[in-house]
Amino acid sequence: MSRLPRSFFARPTLTVARELLGQRFVKLEGRRRLAAIITEVEAYIGESDLACHARAGRTARTEVMYGPPGHLYVYFTYGKHWMLNFVTEREGFPAAVLLRAVAAEEGAGLMRRRRGRSDHLTDGPAKVTQAFAFDKRWNGADLCARDAEAFVETNLPPADEAVKVGPRVGLGNTPEPWLNRLWNFSVQTTRSDHPKV
DNA sequence: GGCCCGATACTCT
DNA sequence: GAGTATCGGGCCC
């Protein structure tokens, strides 16, 4: 089982987002291994994208997005939730792919404990970070380092006909054309802990 | 199943 | 001081 190298992330963000579908996101916690298949992602691309945090330019928060690809951009929102992104493109160009949903494969028991009594284990971006216990400390972590404790493993890609594209979610009053850019990618599945169709 | 709303703290204006 | 890449509970079908 091989891991996605930095060259995978150092490409156009839409390509990376689309090709992340079906791959396996892994976090090591000592002896424990949490793993899940990526089922929904969203692209945020550059300072001109008014839905991207980098629209405000380089700040302390967005610094990681300007850095080299293959790192995690983890930020806090809505007063309670953490969001996890994969930094993409070349160093100096701020872009990332938001991880919105996954399907648990390994460590589902631990994820369920962390999620409390909800049927929806990892079908939303804040649910994923809660189940995997990602927070501020992971901001800037390198997915491609030899000793990385979080990384993406290669897996069979989904069939083309199973892939859906749509507008990004939760952008509020972001103006057009950004509001309706089809930069959300998901795979249709049958289990309940997957994104809704 | 869907809609509405409050929680909550961090970032930038 | 406002806005926010969300969630879960309460309610109503």
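The shown structure was predicted, so the numbers you read here are calculated from the model rather than taken from an experiment. All values below come from the heavy atoms of this structure, side chains included, with hydrogens, waters and symmetry mates left out.
As rounded to whole Å, 9 Å separates atom P of B:dT11 from atom OH of A:Tyr73. One can place CG of A:Leu84 at 14 Å from P of C:dC7, the figure rounded to the nearest angstrom. As rounded to whole Å, 9 Å separates atom C1' of C:dA5 from atom CZ of A:Arg61. What separates CG of A:Leu179 from P of C:dA5 is a distance of 12 Å, to the nearest Å. Taking atom CE on A:Met65 and atom P on C:dA5, their separation rounds to 11 Å, with Å as the unit. Summarising the geometry, the separation between CZ on A:Phe86 and C1' on C:dA5 is reported as 15 Å, rounded to the nearest angstrom. For A:Asp123 and C:dT6, the CG to C1' distance is 12 Å, given to the nearest whole Å. Separating the CE atom of A:Met83 from the P atom of B:dA9 is a distance of 15 Å, rounded to the nearest angstrom.
Listed nucleotides C:dA5, C:dG8, B:dC12 differ in distance to A:Leu171; the shortest reach to its side chain belongs to C:dA5. Side chain of A:Ser118, nearest nucleotide from B:dC12, C:dT6, C:dG8: C:dG8.
For A:Tyr66 and A:Glu47, the side-chain atoms include at least one donor-acceptor pair closer than 3.5 Å.
Distances shorter than 4.0 Å separate some side-chain N or O of A:Arg100 from OP1 or OP2 on C:dT6. Residue A:Arg55 has no polar side-chain atom (N or O) positioned under 4.0 Å from OP1 or OP2 of B:dC12. In terms of phosphate contacts, A:Thr59 brings a side-chain nitrogen or oxygen within less than 4.0 Å of OP1 or OP2 of B:dC12.
A:Val152 is listed as a side-chain neighbour of A:Leu20, based on a closest heavy-atom distance under 4.5 Å. For the pair A:Val169/A:Glu42, a side-chain contact is recorded, criterion being any heavy-atom separation below 4.5 Å from C-beta on.
Of the two residues contacting DNA chain B, namely A:Phe76 and A:His53, the nearest-nucleotide position lying further toward the 5' end is that of A:Phe76.
Ring geometry for A:Phe86 against A:Phe9 counts as tilted: the plane angle lies between 30° and 60°, on a 0 to 90° scale. Ring orientation note: the planes of A:Phe134 and A:Phe132 are close to parallel, at an angle under 30° on the 30°/60° scale.
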Table of protein N/O atoms under 3.5 Å from nucleotides 5-7 of chain B N/O atoms:
residue	atom	partner	partner atom	Å
B:dA7	N3	A:Lys80	NZ	3.0

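In DNA chain C, the stems built from three or more successive Watson-Crick or G-U pairs (distances below 3.5 Å) are B:1-7 with C:6-12, B:9-12 with C:1-4.
Taking the six-membered ring for Trp and the full ring otherwise, the centers of A:Tyr75 and A:His53 sit less than 6.0 Å from each other.
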